[in-house]
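Counting starts at 1 for both ligands and their atoms, in listed order.
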Amino acid sequence: MTDAQPASTPERRSRLVVLAGPTAVGKGTVADDVRRNHPDVWISVSATTRPPRPGEVNGVHYWFVSDEEFDRMIAEDDLLEWAVVHKAARYGTPRQPVDLALASGRPAMLEIDLQGARQVRTTMPDALFVFLKPPSWDELVRRLVGRGTETEEERTRRLDTAREELAAEPEFDVTIVNHEVHAAADQLVSLMMLD
Ligand code: 5GP
């Protein structure tokens, strides 16, 4: 674990915050809260090969792309990081929008899985890595079941992944416990505004 340092450079690029944590901990909900209440914060829109869920909008929640399009993005080095998540679909962060946001001086945030966070740790070590943690394992299971959007098989797979992901907490700079979404989002934003 390292001390959190700002990613400031002579050109005054802003700090990149990477939010990760186990599946169903509420990363997406916390990111939504930040999106609603802190329009000054830029949040990356990932590309994914999974189909949209009801209510999800292309270009807002994700860029929903075909396998061929995702292959093309990888081949052209368009992605800052990418991973197969839950052994089900590919997810990746388009590189150029991140660079533009940082160059513009806006606080920027990625909400990605642990594999992706590890890749960004390698390529952008100055970023601040934030681990979002559930109040307890039972609460995590309750949230995953409560969401009701996955099949039984998917749920089991996601819980297996979550168990491994929880063990990664020491790799992160800061931990936020997601007792309540709004408070967690405010805590996250306060980390971005420290500089
Ligand atoms: P969901 O399908 O529930 O929206 O997201 C599944 C998982 O994919 C979440 O853990 C989310 O953090 C992760 N994820 C979303 N976008 C990205 C991305 O661009 N890169 C990586 N590595 N993971 C992502």
I would like to know whether Leu128 and Met192 meet side chain to side chain contact (heavy atoms under 4.5 Å, CB included); could you show each step before the answer? CA-CA 9 Å; Leu128 182 75; Met192 298 175 190; over 6 Å; no
Show the atoms of ligand 1 that are less than 4.0 angstrom away from any heavy atom in [X].
X	value
Ala83	22 (N)
Tyr62	1 (P), 4 (O), 5 (O), 15 (C), 16 (N)
Ser46	16 (N), 17 (C), 18 (C), 19 (O)
Gly116	22 (N)

Against ligand 1, does [X] come closer than 4.0 Å with any heavy atom?
X	value
Lys27	yes
Thr23	no
Gln119	no

Between Arg50 and ligand 1, find which residue part has any heavy-atom pair under 4.0 Å and reply side chain, backbone, both or neither. side chain
Should the proximity of Val85 to ligand 1, defined as any heavy atom under 4.0 Å, be assigned to the side chain, the backbone, both, or neither? side chain
Name the residue from Val30, Leu19, Val130, Asp186 that meets the side-chain contact (heavy atoms from CB on, under 4.5 Å) definition with Ile176. Val130
Among Thr48, Asp113, Val84, which one has a heavy atom closest to atom 13 (C) of ligand 1? Asp113
Out of Glu81, Glu111, Arg90, who is nearest to atom 11 (C) of ligand 1 when you count heavy atoms only? Glu111
Taking it one step at a time, do Met124 and Leu80 satisfy side chain to side chain contact (heavy atoms under 4.5 Å, CB included)? CA-CA 10 Å; Met124 302 180 82; Leu80 178 62; 3.8 Å; yes
Can you find an N/O atom of [X] closer than 3.5 Å to an N/O atom of ligand 1?
X	value
Gly92	yes
Glu56	no
Arg53	yes

Step by step, work out the side chain to side chain contact (heavy atoms under 4.5 Å, CB included) result for Phe131 and Val174. CA-CA 6 Å; Phe131 190 79; Val174 182; over 6 Å; no
What I'd like to find out is whether the side chain of Pro135 reaches to under 4.5 Å of the side chain of Arg143, using heavy atoms alone. yes
Any non-hydrogen side-chain atom of Thr122 less than 4.5 Å from a side-chain atom of Arg118? no
Is the count of non-hydrogen atoms from other residues, nucleotides or ligands lying under 6.0 Å from Lys133 atom NZ greater than 12? no
Neighbour count >12 (heavy atoms, 6.0 Å) for atom CD, Glu153: no
Take His38 and Met109 through the test side chain to side chain contact (heavy atoms under 4.5 Å, CB included) and record every step on the way to the result. CA-CA 12 Å; His38 301 275; Met109 183 177 119; over 6 Å; no
